[in-house]
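Reviewing the structure listed below.
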Amino acid sequence: MDSDLTPLDKRLLDAFQRDFPLSPEPYAVMANSLGVSEEVLLERLRALQEQGVISRVGVVLQPGRVGVSTLAAMAVPPERLESVASLVNTFSEINHNYAREDTLNLWFVITAMSQPDLENTVQRIGAATGLPVYSMPMVNNFHVDLGFPLSKQEWHPNHGISHP
């Protein structure tokens, strides 16, 4: 995959895995810092998304700061796993889901504006699938930094990339 990335792609992904500009015109800020036009930046983001390099551009909020969430799991008969996963994905409250090799073989994150909304979503998913939904709200917060450098530059976990 690395060979498909242009030097601009690498600079873009390195620079904005964190610290997305909080601005009314974030893409203009990003483009300016990379020395390209906003149109070029938006084209590269679209291309990276179409190639599956990035799934989305957006913020990741600290859990509990806005709304509520829970990690949920279901024990889905293997022959129904794909259809149930697709059904679960139709709920706008689902952040992502994934299959695991275990009795509880479908896991997903549910987000909502309030605890009653969250509980309602759990019940609706259970009713729609005919399967119990096990809700496991977060007890302790552990931060896992999923950013990583794409260029041969020194990476500082708290400050991003140090440009030579």
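What you see below is based on every heavy atom in this structure, not just the backbone, and it leaves out hydrogens, waters and symmetry mates.
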Would you say [Y] ends up clustered with [X] if hydrophobic residues are merged whenever their side chains have heavy atoms under 4.5 Å apart, either directly or through other cluster members?
| X | Y | answer |
| --- | --- | --- |
| Phe91 | Val84 | yes |
| Val109 | Leu131 | no |
| Val57 | Leu41 | yes |
| Leu81 | Met74 | yes |
| Tyr134 | Ile94 | no |

When rounded to the nearest 0.5 angstrom, what is the spacing between [atom1] in [X] and [atom2] in [Y]?
| X | Y | atom1 | atom2 | value |
| --- | --- | --- | --- | --- |
| Leu45 | Glu50 | CG | CD | 11.0 Å |
| Leu12 | Thr6 | CG | OG1 | 8.5 Å |
| Asn95 | Glu93 | CG | CD | 11.5 Å |

- What are the two closest non-hydrogen atoms of Ala75 and Leu104, and how far apart are they? N-CD2, 3.8 Å
- Contact summary for Thr70 and Pro137, nearest pair of heavy atoms: OG1-N, 3.1 Å
- Task: Might you confirm whether atom CD of Gln51 has over 12 heavy atoms from other residues, nucleotides or ligands at distances under 6.0 Å?
- Result: yes
- Task: Please indicate whether Met113 has more than 12 foreign heavy atoms, meaning atoms of other residues, nucleotides or ligands, lying under 6.0 Å from its CE.
- Result: no
- Message: Is there a side-chain contact (heavy atoms from CB on, under 4.5 Å) between Val133 and Phe108? Walk through the geometry before answering.
- Response: CA-CA 10 Å; Val133 178; Phe108 45 96; 4.1 Å; yes
- Query: Under the side-chain contact (heavy atoms from CB on, under 4.5 Å) criterion, do Val66 and Thr111 qualify, and how do the steps go?
  - Reply: CA-CA 10 Å; Val66 176; Thr111 59; over 6 Å; no
- Task: Please list all pairs passing the salt bridge (Lys or Arg N to Asp or Glu O under 4.0 Å) test where one or both residues lie in residues 28-49, with sequence neighbours left out.
- Result: Asp9-Arg44
- Message: Once side-chain hydrogen bond (donor to acceptor under 3.5 Å, both in side chains) is applied, do any residues pair with Ser114, and if so which ones, sequence neighbours excluded?
- Response: Asp117
Listed pairs under 3.5 Å, donor-acceptor, residues 26-35 side chains, sequence neighbours left out:
{"from": "Ser33", "atom 1": "OG", "to": "Met30", "atom 2": "O", "distance (Å)": "2.9"}

- Query: Should Leu13 and Val53 be marked as a side-chain contact (heavy atoms from CB on, under 4.5 Å) after you check the CA-CA gap, both sets of side-chain angles, and the distance that decides it?
  - Reply: CA-CA 10 Å; Leu13 296 172; Val53 174; 4.0 Å; yes
- side-chain contact (heavy atoms from CB on, under 4.5 Å) between Leu8 and Val40: does it pass, once the steps are laid out? CA-CA 10 Å; Leu8 174 60; Val40 167; 3.9 Å; yes
- Item | Residue of the set Thr103, Thr129, Asn105 for which side-chain contact (heavy atoms from CB on, under 4.5 Å) holds with Val76 | Asn105
- Message: For a quick check under 3.5 Å, do Gln115 and Glu119 share a side-chain donor-acceptor pair by atom type?
- Response: yes
- Task: State whether the side chain of Gln49 and the backbone N or O of Ser55 hold a donor-acceptor pair below 3.5 Å, judged by distance alone.
- Result: yes
- Short question: side chain of Ser69, backbone of Ile110 - any donor-acceptor pair under 3.5 Å? no
